[in-house]
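Naming: A, B, ... by sequence-line order, numbering from 1 per chain.
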Protein chains: 2
Amino acid sequence: MSETAGERATETVDDFGQALGSLLRRYLDGARDAADALPGGPRGFQVLVNASSGTDCSNQATIAHRLGIDRTVMTYLVDDLEKAGLVERRPDPADRRARQVVRTAAGEATLDDVRRRMAAVEDVVLGSLSADDAVAFRRLLVAAAVGAPPTGHSMCDVVGDDLAGGC
Amino acid sequence: MSETAGERATETVDDFGQALGSLLRRYLDGARDAADALPGGPRGFQVLVNASSGTDCSNQATIAHRLGIDRTVMTYLVDDLEKAGLVERRPDPADRRARQVVRTAAGEATLDDVRRRMAAVEDVVLGSLSADDAVAFRRLLVAAAVGAPPTGHSMCDVVGDDLAGGC
DNA sequence: TATTGTTATACTCTATAACTATA
DNA sequence: TATAGTTATAGAGTATAACAATA
């Protein structure tokens, strides 16, 4: 940050998309290391985050939609996570077509661990911001991302009607 | 945006990487439309942005490094932009290995046009933020992205010594 | 010896299409 | 008819390796 002698401000980053891409690239570089224990890397991590812990439903389609990835890719990701013993496929009692993706105990433990490492990566990525600015950035990022949810309506809303408190 | 009845806050986005990915995905969706006239799409746009307008030097390697893409990909991108008449490859007088990527008049005009359309896309992507928050977000995004510049040192710094005012 | 740029090749990732089962 | 999930195949995108020219 402090203007070092060798780098007079070389027009830095003046483009929104470039800044966004640069930030994501740096995040993914760190995330790949943090998630190297997980099959699927950062993607596998996000699937694990969005998997059900028992209180909410998470079909493969729901997760795929939420993450913006194809259903066919979800099959492979869940396959690998299941082989690693981190998640389980459970038939949805309300819809026999669907499979809920539920974290195992090992999955919960692994998620806790990787989550901590991801948090460390985030700190590094946002390292050039002050503590206050970093908080503000996270808040604005989430607010901006929520703008147009990938899923027009959550599958939970559709299914959850006759299953009070969760699906 | 406004809380519609059918969508009670479905735990929204609680993950940094997920929010970042979601935002980039929405941006790229719009950017693909905005840059459909350009060979290479959003990537081609960024190359065009980073190409030289005469005042600064821009080797292919410099641009590639700045954008975080491979040199081999740069060749194809510049090939296509050159075929479209938007940029020119010019031998660098200071380094006969290097080729400067310089925008043509048509390239400048196209860039102006696409830049305007990109700005519109950004407004849509940040549409859920207030005007003040959008400004703040852009500022923080750039500040965060500049944190660790992809290029440790710009090639311009190395070459520019004996060419006062530009390379 | 290292770097710029090019080309060809191989690989990874992702999407497409077709199918079954269920709604 | 539409959707969830799986599988196989094809495609886009990307990286790897080798090369020539120059530093």
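With C:dT4, C:dT6, D:dA4 as the candidates, the nucleotide lying closest to the side chain of B:A98 is C:dT4. Each of C:dG5, D:dG5, D:dT7 was ranked by its minimum atom distance to the side chain of B:T75; first place goes to C:dG5. Closest approach to the A:R71 side chain among C:dT6, C:dT4, D:dG5 is made by D:dG5 (side chain taken as heavy atoms from C-beta onward).
As rounded to whole Å, 16 Å separates atom C1' of C:dT3 from atom CE of B:M74. Rounded to whole Å, the distance from CG on A:D79 to P on D:dT6 is 6 Å. Atom pair B:N59:CG and C:dT6:P shows a separation of 11 Å (rounding to whole Å applied). Counting to the nearest Å, the C1' atom of C:dT3 and the CD atom of B:Q60 are 13 Å from each other. Note: CZ (B:R25) to C1' (C:dT14) measures 14 Å, nearest angstrom. The nearest whole Å value for the distance from the CD1 atom in A:I63 to the C1' atom in D:dA4 is 13 Å. For A:R99 and D:dT3, the CZ to C1' distance is 15 Å, given to the nearest whole Å. Here C:dA17 presents its P atom at 12 Å from CG of A:D70, a figure rounded to the nearest Å.
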Distances under 3.5 Å only, N/O to N/O: pair up the protein atoms with those of nucleotides 10-13 of chain C.
none

Identify all pairs in which a protein N or O lies below 3.5 Å from an N or O of nucleotides 21-23 of chain D, and state each distance.
unit_1 : atom_1 : unit_2 : atom_2 : d
D:dA23 : OP1    : B:R96  : N      : 3.0

* I would like to know whether A:I69 and A:M74 meet side-chain contact (heavy atoms from CB on, under 4.5 Å); could you show each step before the answer? => CA-CA 7 Å; A:I69 59 182; A:M74 269 301 296; 3.7 Å; yes

* Where do B:L20 and A:L20 land on the side-chain contact (heavy atoms from CB on, under 4.5 Å) test, with the steps shown first? -> CA-CA 8 Å; B:L20 199 56; A:L20 199 55; 4.3 Å; yes

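For the residue pair B:D132 / B:S130, no side-chain donor-acceptor distance below 3.5 Å is found, with atom types taken as modelled. Under the 3.5 Å distance criterion, with hydrogens and angles disregarded, no donor-acceptor pair is assigned to the side chains of A:R66 and B:Q18.
Residues forming a ring pair (Phe, Tyr, Trp, His ring centres under 6.0 Å) with B:Y27 (at least two apart in sequence, or on another chain): A:F16.
Residue whose closest nucleotide on DNA chain C sits further toward the 5' end, between A:Y76 and B:Y76: B:Y76.
Partner of A:V87 under the side chain to side chain contact (heavy atoms under 4.5 Å, CB included) criterion, chosen from A:L48, A:V102, A:T104: A:L48.
Between A:I63 and A:N59 the shortest side-chain heavy-atom distance does not fall below 4.5 Å.
With values rounded to the nearest 0.5 angstrom, A:S52 atom OG is found 11.0 Å from A:E88 atom CD. To the nearest 0.5 angstrom, A:H65 atom NE2 is 15.0 Å from A:Q60 atom CD.
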